[in-house]
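Here's the structure we're looking at; comments come further down.
Counting begins at 1 with the first residue of the sequence. Start at 1 and go down the list; that is how both ligands and their atoms are numbered.
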Amino acid sequence: MKRPSPPTVPSGLELTRRRLLASGITATTLGMMNLRLPSWLSAADPMPTADQLVAGKDRRLLVHNASTAGFEIETPLDLLRDELLTSADKLFVRNNQQPSWAATIEPAKPGPWSLEITGLLEFPKTIALEQLKELPQIEHEVVLQCSGNGRALFSKAAPAKGAPWYHGAMGNVRFKGVSLQAVFEKFDVRPHADVRFITAEGADSPQKPDAADFEHSLPFDDTLSRAILAFEMNGKALPAVHGGPLRLVTPGYYGTMHVKWLTRLRLEARESVNHHQVKRYRTPREPLKPGSTFDYGFHNSDPNWRMRIKSVILGPTPNAMVEGGKVTARGVAWNDGTSLIDAVEVSMDEGVTWRRAELQRGGRYGWQHWQLPLQLPAGTHTLISRAVDTLGNTQPLDGSIDWNPAGYGWHGADRVTFAVKS
Ligand SMILES: Nc1nc2c(c(=O)[nH]1)N[C@H]1C(S)=C(S)[C@@H](COP(=O)(O)O)O[C@H]1N2
Ligand SMILES: [Mo]
C-alpha cells in the first residue's frame with residue numbers, strides 16, 4: 001500500500017491540532033460527547049512526536065504519554081484504515097515500563113537471550129533463543145488490542161482512569177514464532193499436576209525501585225494450547241519496541257497479556273499477587289454504577305484475558321462530510337477466536353432496524369473486514385455497527401453498561417455521526 005509522506009511540522013500548537021484532526025475526532029465532537037480531552041491538547045508544551053520517542057514511528061501517531069517510564073502512543077483511525085496489516089511504524093505502543101534499548105522499531109540487539117521456565121515443574125529449564133528458533137515455526141494473524149482501548153468512550157458515563165484511548169490502541173499484525181506446546185514437548189518440560197497458571201516476566205523493570213515489576217498470569221491450559229513465543233512480526237524480526245527479541249503472544253487475549261521482552265515463564269498453582277495482576281488489568285464481575293470505586297480482588301473481578309467481541313467503524317470517520325448519496329460503511333470485527341464472527345449488523349436508525357454487512361473472513365484471531373453500501377439523503381446520519389458471533393455473543397448498544405474505574409474492555413456497539421452533502 002502506498003504510504004503518504006508525513007506532514008511537515010510547523011509550530012507546536014498547529015502540531016497538536018493536526019494530531020487531533022488526524023485521529024478522526026475533533027475537539028467539538030469530544031466536547032459534544034462529553035469526553036475527556038487528551039492531556040497534551042491543553043498542555044502549553046507540545047508533546048514530543050511519536051518518531052522522537054520511538055525511532056521509526058510515524059509522526060502522525062497520537063502521543064498520550066511521553067514519560068520515560070512508559071510510552072502510550074495511539075494510531076489514528078485513518079492510518080488504521082489504510083492497511084490490512086498494521087505496519088510497525090503505525091502500530092500503537094503501550095509500555096508500563098521499558099528497557100532503555102527498546103525505543104525503536106528496529107530489531108532488538110540486547111545481546112544473548114534466553115528463556116527460563118521455572119516454578120512447579122520437574123526440572124527447571126533455560127532455553128536459548130537460538131534453540132527456540134530451531135523448532136517448526138508457526139504464524140498467526142492477531143488483533144493486538146490494549147484492554148484500555150476505547151476508554152475515552154466510557155467517560156461519557158463517568159471518568160475512567162488512564163490514557164483516553166479512542167479506537168487506536170489496537171492493530172492487526174502477524175506474529176511468527178514457535179508454539180508453547182511444541183517448546184514443552186521438545187525440551188521435555190514436565191509441569192506438576194497442580195499447575196493452573198503461567199506467569200510471564202519481561203526484561204523491563206520499573207523506574208521506581210519500590211514499584212511492582214510488570215508481569216501477568218495466564219490460565220495454564222488455554223495458554224499452552226494457544227500461545228506462541230514470537231520473534232517475528234509482519235515477516236520481519238520483532239521490533240524492539242514491540243517486545244523483540246521474544247514475546248509471549250496468546251491469540252485472542254488482550255494486549256496486556258502479550259508480555260514483551262520475555263525472559264521467564266513461571267508455572268504456578270495460583271495467580272500472581274503482583275500489583276499489575278490483582279489491582280490493575282481486571283474487570284469487576286458485577287455491573288457497577290458509573291463513577292463508583294471498587295476494591296479489586298480475586299473474589300470479585302477477572303483478569304483481562306480473552307477479548308470481548310467488538311466491531312469498529314473505519315469509514316466514514318466521525319464528522320466526515322461525504323459527497324453524494326452513495327456511502328460505503330466499512331470496518332473490522334473480531335472476538336477471542338473461540339467462535340466465528342457470524343455477522344456484523346448496521347443500523348441507521350438508532351438500533352430500530354438492522355442490516356447485515358458483507359463479511360470478508362480473515363484468520364481466526366485477526367480482523368474480519370465488513371462493508372455495506374448505503375444510499376443516503378443529504379443531512380446528518382448516525383451509523384451504528386455491532387458484531388454477533390456463533391456463540392451468540394454481541395455488543396451492548398450502550399457500551400457504558402460495562403463501566404469500570406479503569407475503563408477496561410470497552411466493546412459497545414460502535415457509532416459514527418457524519419454528514420452527506422446535497
Ligand atoms: N514486558 C512488558 N510487556 C508488556 C507491557 C509492558 O509494559 N511490559 N505492556 C503491555 C500492554 S498493557 C499492552 S496493551 C501491550 C502493548 O503492545 P505494543 O506496545 O507492542 O503495541 O504490551 C503489553 N506487554
Ligand atoms: Mo494495555
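Neither the backbone nor the side chain of L262 has a heavy atom within less than 4.0 Å of ligand 1. Proximity of Y281 to ligand 1, defined as any heavy-atom pair under 4.0 Å, is confined to the side chain (atoms from C-beta onward).
Ranked by closest heavy atom to atom 17 (O) of ligand 1, the top entry among H258, M257, R247, R94 is R247. When the options F92, W165, F214 are ranked by their closest heavy atom to atom 6 (C) of ligand 1, first place goes to F214.
Using bins of under 30°, 30° to 60° and over 60° for the plane-to-plane angle, the ring pair Y365/H140 lands in the perpendicular bin. Using a 30° and 60° split on the angle between ring planes, H64 and W165 fall in the perpendicular class, above 60°. Relative orientation of the W101 and W113 rings is perpendicular, given thresholds of 30° and 60° on the angle between their planes.
Which parts of ligand 1 touch C146 is read off a 4.0 Å heavy-atom cut-off, strictly below it: atoms 14 (S). Atoms of ligand 1 lying under 4.0 Å from any heavy atom of Q97, numbered from 1 in the order shown and given with element: 7 (O). Close approach of ligand 1 to N95 (heavy-atom distance below 4.0 Å) involves ligand atoms 7 (O). Heavy-atom contacts of W261 reach the following atoms of ligand 1: 1 (N), 2 (C), 8 (N) (cutoff under 4.0 Å). Distances below 4.0 Å separate heavy atoms of L144 from the following atoms of ligand 1: 20 (O), 21 (O).
In terms of heavy-atom proximity, N65 sits nearest to G70 at ND2-O, 3.3 Å. Minimum interatomic distance between N274 and D213 (heavy atoms only, all atoms of both residues): ND2-O, 2.6 Å. The shortest non-hydrogen separation linking W403 to A160 is NE1-CB, 4.4 Å. Taking all atoms of both residues into account, the shortest heavy-atom contact from N172 to L84 is ND2-O, 3.0 Å. Here the closest heavy-atom approach between residue P284 and residue F294 is recorded as CB-CZ, 3.6 Å. The two residues Y408 and R308 come nearest to each other via the heavy atoms O-NH1, 4.1 Å.
The nearest heavy-atom contact from the protein to atom 7 (O) of ligand 1 is N96 N, 2.7 Å. Taking atom 23 (C) of ligand 1 as the reference point, the nearest protein heavy-atom neighbour is G255 O, 3.3 Å. Distance from atom 11 (C) of ligand 1 to its nearest protein heavy atom, with residue and atom name: T256 CA, 3.5 Å. Ranking protein heavy atoms by distance to atom 20 (O) of ligand 1, first place goes to H242 ND1, 2.7 Å. In terms of protein heavy-atom proximity, atom 2 (C) of ligand 1 is closest to D204 OD2, 3.3 Å. Looking from atom 3 (N) of ligand 1 to the surrounding protein, the closest heavy atom is K260 N, 2.9 Å.
With rounding to the nearest 0.5 angstrom, the CD atom of E358 is 5.0 Å from the CD atom of Q371.
The closest approach between any non-hydrogen atom of H216 and ligand 1 is not below 4.0 Å.
Any N or O atom pair closer than 3.5 Å counts here, and S147 shares no such pair with ligand 1.
Not a single donor-acceptor pair under 3.5 Å links the side chain of D51 to the backbone N or O of D58.
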